[in-house]
Amino acid sequence: MRIHAKMKMADLVQFNFEILAVIQRLQIPFGFKDKSIETVCRESSINVDFFLQLAQWFNERENFPQQQLIDHPPHWLVTYLHNTHQCYINYQIPRIEKEIEQLESMTEIPDQTAALMIRFFKEYIKEFSEHLDDEEQVTFPYVLDLEKAINGEMTSEQFRDKYSEYSIDKYLDHHSDLEEKIFDMQSILLKYMSPPSDNCHFTNLLLEFYRLGKDLKDHTILEENVLIPKVRQMEAELKKRPSFF
Amino acid sequence: MVKILIVEQSYLVRKGIIHILKQFPEIANIEILGSHLGVEEVLEHFMPDILIINTSLASLIADEKLKGLLSDSSRVIYVIGTALPYESPENQFSVFDSKISITRKLAPYIKGAGKIKEPEESEELTPREKLILKNVALGRTNKEIATLLHISTHTVISHRKNITRKLDIKSVSGLTVYAIINGLIKMDDIS
């Protein structure tokens with residue numbers, strides 16, 4: 001199906017429920033009634049092209065609108081990524097944590113194994129939070145200021161003084177792979193744990209991991225293929241300006 | 001299973017390549033990029049066995065850089081935007097080639113990559129691999145393990161790759177969990 005601005009927002013969601021993630025991350029409120037995508041976006045002050053590109057990508061994974069997304073103002077994407085973080089921290093991670101803790105009460109799983117999984121996941125949460133904190137406290141503000149410097153809302157001197165030690169390469173130096181451990185957890189649960197009788201709970205836990213892993217992959221694509229190239233472009237542009245040195 | 005990264009700017013060509021690749025059951029994962037931007041980051045974490053890249057995009061990335069990011073066993077295939085002469089190199093195909101001709105060119109690469117990754121031996125860990133895994137789980141570095149077992153660091157790395165492939169577990173903490181569940185080490189050993 002062709003997704004376009006005049007179609008009804010509710011029809012779009014019915015057509016592909018995964019697009020709810022985009023709606024949530026752009027903080028578009030529900031209660032669409034019969035409004036078109038265009039109208040809903042306008043009412044929420046979201047650029048309709050930006051929304052459509054993300055929705056189309058969710059609908060056709062093989063066609064990532066890289067260049068179009070790079071061409072938008074970076075703060076749109078930063079807001080999107082920030083809202084994704086909130087969703088992980090406030091909802092997805094605590095929910096999985098709770099489910100893992102329940103493993104302890106499952107009698108067929110040896111106490112030690114349950115304790116081990118809990119420990120592994122707690123370690124992961126710590127790493128996950130540090131990763132997100134670093135982006136929220138350092139990388140995102142840097143990107144937003146860089147955009148301001150490019151637009152002239154901040155002088156090149158101010159920018160240079162504030163970030164004399166930082167560039168996007170610094171961020172990449174300790175940019176850890178968040179999906180890896182999620183896939184490891186999946187393998188361990190699926191292949192190496194003794195089969196539990198409470199299949200429902202166990203299956204649900206695996207599905208949660210699957211969903212988070214998939215979502216993190218999308219998140220990484222947006223960071224690596226849109227945010228970072230965009231920042232590199234802006235860094236190069238700012239350096240070219242005579243006032244920078 | 002074989003992992004492939006396609007870097008091609010044309011939507012139609014990308015779709016065509018994906019369509020051809022879907023004929024091969026060996027292929028587990030296809031990632032797609034529409035420009036050279038971000039190629040380095042994707043290569044680093046995705047580690048494809050085969051990179052299919054349009055020559056005009058490949059020319060935007062320094063050769064050494066590309067080589068440095070690909071593992072020794074990965075192969076590069078170039079997509080050419082013009083027609084190719086009859087006996088062109090094996091690692092190139094043209095957008096004007098027929099489906100059969102492109103399939104023929106890709107097949108040896110895909111089968112080759114499939115074989116390297118999945119030898120006919122069992123997926124059980126060998127005693128040697130178990131020993132290496134035990135040491136990894138105990139928190140030892142590749143260098144420490146090499147010294148301890150009187151082997152080269154290179155051998156340790158190669159064992160670790162095999163362990164990860166067989167178990168589907170990449171991270172050290174994941175391997176530690178496996179080692180404890182399977183009694184290779186005890187919970188107390190790691191605290």
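Protein chains get the first letters and strands the later ones, always in sequence-line order, with residue 1 at the start of each. Heavy-atom basis, side chains included; hydrogens, waters and symmetry copies ignored.
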query: In terms of heavy-atom proximity below 4.5 Å to chain B, should Glu123(A) be classed as side chain, backbone, both, or neither?
result: side chain
NZ (Lys134(B)) with more than 12 external heavy atoms under 6.0 Å: no
task: Please flag which part of Leu190(A) lies under 4.5 Å from any non-hydrogen atom of chain B: side chain, backbone, both or neither.
output: neither
Check ion pair Glu237(A)-Arg241(A) (N to O, under 4.0 angstrom): yes
message: At a 4.5 Å cut-off on heavy atoms, which part of Gln67(A) comes close to chain B: side chain, backbone, both, or neither?
response: side chain
message: Within the structure provided, determine whether Val143(A) and Leu77(A) are in side-chain contact (heavy-atom separation under 4.5 Å).
response: no
query: Given that the side chain runs from C-beta out, which part of Met117(A) has a heavy atom under 4.5 Å from chain B: side chain, backbone, both or neither?
result: side chain
query: Looking at Leu167(B), Val39(B), Asn182(B), Ile32(B), which one has more heavy-atom pairs under 4.5 Å with chain A than the rest?
result: Leu167(B)
- line: Among Val42(B), Ile18(B), Val177(B), the residue with the most heavy-atom pairs under 4.5 Å to chain A is Val177(B)
query: Is the NZ atom of Lys191(A) crowded by more than 12 outside heavy atoms at less than 6.0 Å?
result: yes
message: At a 4.5 Å cut-off on heavy atoms, which part of Glu62(A) comes close to chain B: side chain, backbone, both, or neither?
response: both
- prompt: Tell me, side chain or backbone of Glu31(B) under 4.5 Å from chain A's heavy atoms, or both, or neither?
  reply: side chain
field: Under-4.0 Å salt bridge between Lys122(A) and Glu101(A)
entry: yes
message: So for Ile30(B), is it side chain, backbone, both, or neither that comes closer than 4.5 Å to the heavy atoms of chain A?
response: neither
task: Could you tell me whether Arg61(A) sits above the aromatic face of Phe58(A), with NZ or CZ closer than 6.0 angstrom to the six-membered ring centre and within 45 degrees of the axis?
output: yes
statement: Whatever's closer than 4.5 Å to a heavy atom in chain A on Ile180(B) counts as both
- prompt: Does CZ in Phe15(A) sit with more than 12 non-hydrogen atoms of other residues, nucleotides or ligands closer than 6.0 Å?
  reply: yes
